[in-house]
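Take a look at the structure below.
Both counts, for ligands and for their atoms, begin at 1 and track the order of listing. Below, each value reflects all heavy atoms present in this structure, side chains not excepted, and no hydrogens, waters or symmetry copies.
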Amino acid sequence: MEEVIVERPQAAVAVVRLNRPEARNALSQSVRQRLAEHFHALGRDEDIRCIVLTGGDKVFAAGADIRAMVDATPIDILLLNNQRMWQAIASCAKPVIAAVNGFALGGGCELAMHADIIVAGEGAKFGQPEIRVGIIPGAGGTQRLARAVGKFKAFKMLLTGEPVSAQEAADMGLVSEVVADDRVQARALELATTIAAMPPLAVAQIKEVLLAGQDASLETALMLERKAFQLLFASQDKKEGMQAFLDKRAAHFTGA
Ligand code: CO8
């Protein structure tokens with residue numbers, strides 16, 4: 001059975017599903033490799049405009065594979081070159097929606113934080129419990145978490161390893177939307193369908209400018225935004241979108 005499954009439930013939307021239930025979707029090297037390959041391919045696929053990243057009903061992902069790390073040396077870990085695989089997700093040009101049911105722990109929480117939108121079920125739990133096994137997060141957990149929730153909430157999660165509920169995560173800015181557990185997949189797909197119908201060049205510019213701007217000065221980030229704004233006036237979809245509004249009809253965006 002494939003450990004990472006790609007489905008295409010509707011036009012322009014891909015679902016990437018972790019499928020290693022016997023190990024609670026622990027992110028082994030082979031799972032990370034498959035994730036990277038799929039994100040590379042979907043990022044280049046012109047038919048795909050939005051990606052949903054999800055796991056199982058009870059566990060999104062339980063983190064890195066502890067069994068595979070228990071005897072690992074620093075050089076073993078270094079040679080894995082993990083950052084290359086995470087980079088495939090971080091740099092994916094298409095919007096990524098994480099649909100989270102159950103536990104998103106350690107590398108699983110970090111995986112969710114690689115997404116652009118997080119939809120969580122009421123029963124979901126987010127945590128960075130690495131400290132309990134003697135390490136720290138290694139895929140952005142100290143950085144993306146602090147940027148999302150601020151210093152004080154991040155330290156509490158990182159230093160105690162205690163998970164937070166979906167509602168707490170939403171209140172602190174780690175989750176975009178909380179829905180009933182059995183609505184998570186449907187809601188993520190609804191959002192993906194909405195985004196997939198948007199003008200792709202504008203979607204791509206929003207993603208690029210928002211992410212790049214987060215690490216720039218406000219002045220530089222605002223300039224990035226202005227340049228992207230100006231650039232979009234060269235697109236067919238800008239003409240179509242504005243004309244459709246004036247004509248009181250639905251716009252049809254082509255990505256041109
Ligand atoms: N790694 C390997 N195996 C795991 C993991 C894991 N992270 N989590 C669960 N499993 C395995 C168990 O060993 C068990 O296997 P077996 O049946 O052979 O004994 C099986 O999955 C079922 O586990 P449980 O009985 O514990 O299942 P429950 O449903 O009772 O509990 C939990 C589910 C709450 C998710 C629980 O399994 C758990 O707490 N797991 C560990 C969570 C954790 O500590 N995660 C942090 C790992 S360290 C990390 O992520 C570092 C990130 C570094 C950067 C990223 C690089 C990839």
Side-chain angles (χ1 to χ4, degrees), residues 1-5 16-40 53-92 96 98-115 118 120-149 154-169 174-175 181 184:
M1 189 115 81
E2 283 285 319
E3 290 180 326
V4 182
I5 298 169
V16 176
R17 189 181 301 281
L18 297 169
N19 182 41
R20 205 186 163 215
E22 71 286 358
R24 303 302 184 261
N25 288 338
L27 303 167
S28 62
Q29 180 72 356
S30 64
V31 168
R32 290 194 298 265
Q33 182 67 45
R34 296 297 289 147
L35 275 174
E37 287 164 7
H38 288 311
F39 272 89
H40 267 309
L53 170 63
T54 194
D57 289 349
K58 301 272 185 293
V59 180
F60 175 73
D65 193 316
I66 298 173
R67 211 173 288 279
M69 293 189 298
V70 65
D71 293 321
T73 68
I75 301 301
D76 294 333
I77 300 295
L78 186 152
L79 291 175
L80 289 176
N81 275 313
N82 265 318
Q83 70 284 358
R84 282 193 217 153
M85 289 182 247
W86 289 100
Q87 192 55 32
I89 309 173
S91 65
C92 179
V96 178
V100 179
N101 279 112
F103 292 99
L105 300 179
C109 187
E110 291 172 306
L111 180 62
M113 287 192 287
H114 276 67
I118 302 180
E122 291 163 336
K125 295 228 180 281
F126 296 81
Q128 298 288 166
E130 288 89 342
I131 193 153
R132 295 181 179 182
V133 292
I135 56 172
I136 70 166
T142 61
Q143 304 308 309
R144 286 196 179 87
L145 185 65
R147 280 164 170 74
V149 308
F155 265 131
K156 188 175 166 206
M157 287 176 72
L158 291 162
L159 292 176
T160 65
E162 281 170 17
V164 295
S165 69
Q167 193 53 56
E168 286 173 283
L174 180 56
V175 157
D181 286 329
V184 171

* **Qualifying residues under salt bridge (Lys or Arg N to Asp or Glu O under 4.0 Å), relative to Asp65, sequence neighbours excluded** => Arg20
* Asked: Regarding Gln33 and Gln29, is there a side-chain donor-to-acceptor distance under 3.5 Å anywhere?
  -> no
* Asked: Quick one: salt bridge (charged side-chain N to carboxylate O under 4.0 Å, His left out) pairs with a partner in residues 68-85, sequence neighbours left out?
  -> none
* Asked: Backbone N or O of Thr160 within a donor-acceptor pair of the Arg132 side chain at under 3.5 Å?
  -> yes
* Asked: Near ligand 1, which protein residues have a heavy atom under 4.0 Å away?
  -> Glu22, Ala23, Arg24, Ala26, Arg32, Ala62, Gly63, Ala64, Asp65, Ile66, Arg67, Met69, Trp86, Phe103, Leu105, Gly106, Gly107, Glu110, Pro129, Glu130, Ile135, Gly138, Ala139
Under 3.5 Å, sequence neighbours excluded: what are the donor-acceptor pairs made by side chains of residues 138-147?
residue: Gln143; atom: OE1; partner: Arg147; partner atom: NH1; Å: 3.4
residue: Arg144; atom: NH1; partner: His114; partner atom: NE2; Å: 3.4
residue: Arg147; atom: NE; partner: Asp215; partner atom: OD1; Å: 3.4
residue: Arg147; atom: NH2; partner: Asp215; partner atom: OD1; Å: 3.4

* **Minimal non-hydrogen separation, Met85 against Leu80, with atom names** => CE-O, 3.8 Å
